[in-house]
Protein chains: 2
Amino acid sequence: MGRWTPNARGRLEAAALELYEQHGYDQATVTQIAERAGLTERTFFRHFTDKREVLFGGAQLLQDHLVQRVADAPASAAPWEAVTTALGGAGEVFPADRESSRQRQRVIAAHPGLQERELIKLATLSEALSGALQRRGVPARTAQLTADTAIAVFKAAFTRWLEMPERPDFAALIQEAVEEQRTVVAG
Amino acid sequence: MGRWTPNARGRLEAAALELYEQHGYDQATVTQIAERAGLTERTFFRHFTDKREVLFGGAQLLQDHLVQRVADAPASAAPWEAVTTALGGAGEVFPADRESSRQRQRVIAAHPGLQERELIKLATLSEALSGALQRRGVPARTAQLTADTAIAVFKAAFTRWLEMPERPDFAALIQEAVEEQRTVVAG
DNA sequence: CGCCGCATGTCAGCGACTGACATCAGACGC
DNA sequence: GCGTCTGATGTCAGTCGCTGACATGCGGCG
């Protein structure tokens, strides 16, 4: 047992999500978030670099997971196959309840600054996938284009994953989006 | 002749670009930028919503131009053809000297916050292209996937446009990237 | 037993951004 | 010509995000 009540970071995340949703991102001050978590503003900034970052803790997990899967793909797999197969397994790291994901998306959708942060997380993910592909021998420019194109697929699939009534199989949604995109660019 | 020296907005843009490059984005204060332009901090924030936006005035022009070209494409053109043809004409709205574009890219590359802003400009552009496609009868989901995929192509082509020694024909770079992407997703 | 590490608290300060109100050259109606 | 109105700018005060420097005190470790 530590000196302080445990999981300060998790309490800050929960407090922030609640306040952002109830009063809006702009109205919620960092001081309020910290107080609700039983901490001080200064401690908030020791756990998160800024007021936005508290919503994006999961991005790093997703990225590590995907990079690992690309690295682990059989040597025979083509770049596009390696990446899309990895994306198909992303459902494993999504939260058990889609509702918390939807809540988070609602907060983000309501604030441009949070959309900016989400976009750079996707861009960082794209860079990471590109790096994983390059380690498989794919040339840099091709790797980046492949990764960017894959992100377009991921976005489409994730949007559907949130929208569908019953929790869907993420791999199937990825497969659908891949096929739709192939149709599009063949056009 | 107005009461004030003209083109306040342009002077603020120039002053900001210089200071961001010379001293770094973080070190340059808005007060400094405004003073260099012969104005006050308050006036800066009347022309630009925040310290970042001063670097992104051209994005709206590009967007309007591309949306117009998608709308003007012949009815017979498939969505992908309409969008990529429009992208090919984007070279018309780039600055005459690539050096100022490179300077701007260097500043952006040096600061994550500016990268965020650039990404949301691209996302906004993607939304606008998606809207233009939907006005041509393309279903919403397909339109967005088409636009996102097109943005991946645009990024690749623009990067090359900045890098090449002689000013290249942007339409040709778009065409190259389209073909490379088709190869990629063909697996 | 005493020292140390580390998560947290306290405090002071900077700079981004905003709202309210003042100013004043030029445009415009008469 | 003359008063009025408009719109870009200035002035001022205030909030809040974020940071650096230093203090504090429990738990562990020698």
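Lettering of chains follows the sequences in order, A, B, ..., and the numbering in each one begins at 1. Predicted model, so just to flag it, every value in this text is computed and none were measured.
Rounded to whole Å, the distance from NZ on A/Lys51 to P on C/dA16 is 18 Å. Rounded to whole Å, the distance from CG on B/Asn7 to P on D/dA8 is 14 Å. The nearest whole Å value for the distance from the CZ atom in B/Arg46 to the C1' atom in D/dG7 is 10 Å. In this entry the distance linking OH of A/Tyr25 with P of D/dG17 reads 8 Å, nearest Å. The distance from atom CD of B/Glu41 to atom C1' of D/dT11 is 12 Å, rounded to the nearest whole Å. Nucleotide C/dA16 holds its P atom 9 Å from the CG atom of B/Asp26, rounded to whole Å. Whole-Å rounding puts the A/Phe44 CZ to D/dC16 C1' distance at 13 Å. As rounded to whole Å, 14 Å separates atom C1' of D/dT11 from atom CG of B/Leu39.
In the set C/dA20, D/dC16, D/dA21, the nucleotide with an atom closest to the side chain of A/Arg42 is D/dA21. Which of D/dG25, C/dA16, D/dC18 sits closest to the side chain of A/Phe45 comes down to D/dC18.
Side chain to side chain, B/Glu179 and B/Gln175 meet the donor-acceptor criterion of an N or O pair below 3.5 Å. A side-chain donor from one of B/Ser130 and B/Gln134 sits under 3.5 Å from a side-chain acceptor of the other. If you check the side chains of A/Gln63 and A/Thr124, you find no donor sitting under 3.5 Å from an acceptor.
A/Arg3 contributes a side-chain N or O that forms a donor-acceptor pair with the base of D/dG25 under 3.5 Å.
Partner of B/Leu162 under the side chain to side chain contact (heavy atoms under 4.5 Å, CB included) criterion, out of B/Arg106, B/Gln105, B/Arg104: B/Gln105 alone.
Residue-level contact check: A/Ala28 touches the backbone only, with heavy atoms under 4.0 Å from sugar-phosphate atoms and none from bases.
A close approach under 4.0 Å does not occur between any side-chain nitrogen or oxygen of A/His47 and OP1 or OP2 of C/dA7. The side chain of A/Thr40 contributes no N or O atom lying less than 4.0 Å from OP1 or OP2 of C/dT8. For A/Thr43 and C/dG9, the shortest distance from a side-chain N or O to OP1 or OP2 is below 4.0 Å.
Each of B/Thr31 and A/Gly38 was matched to the nucleotide of DNA chain C holding its nearest heavy atom; the match closer to the 5' end belongs to A/Gly38.
Classification of the B/Phe48-B/Phe44 ring pair by plane angle, with boundaries at 30° and 60°, yields tilted.
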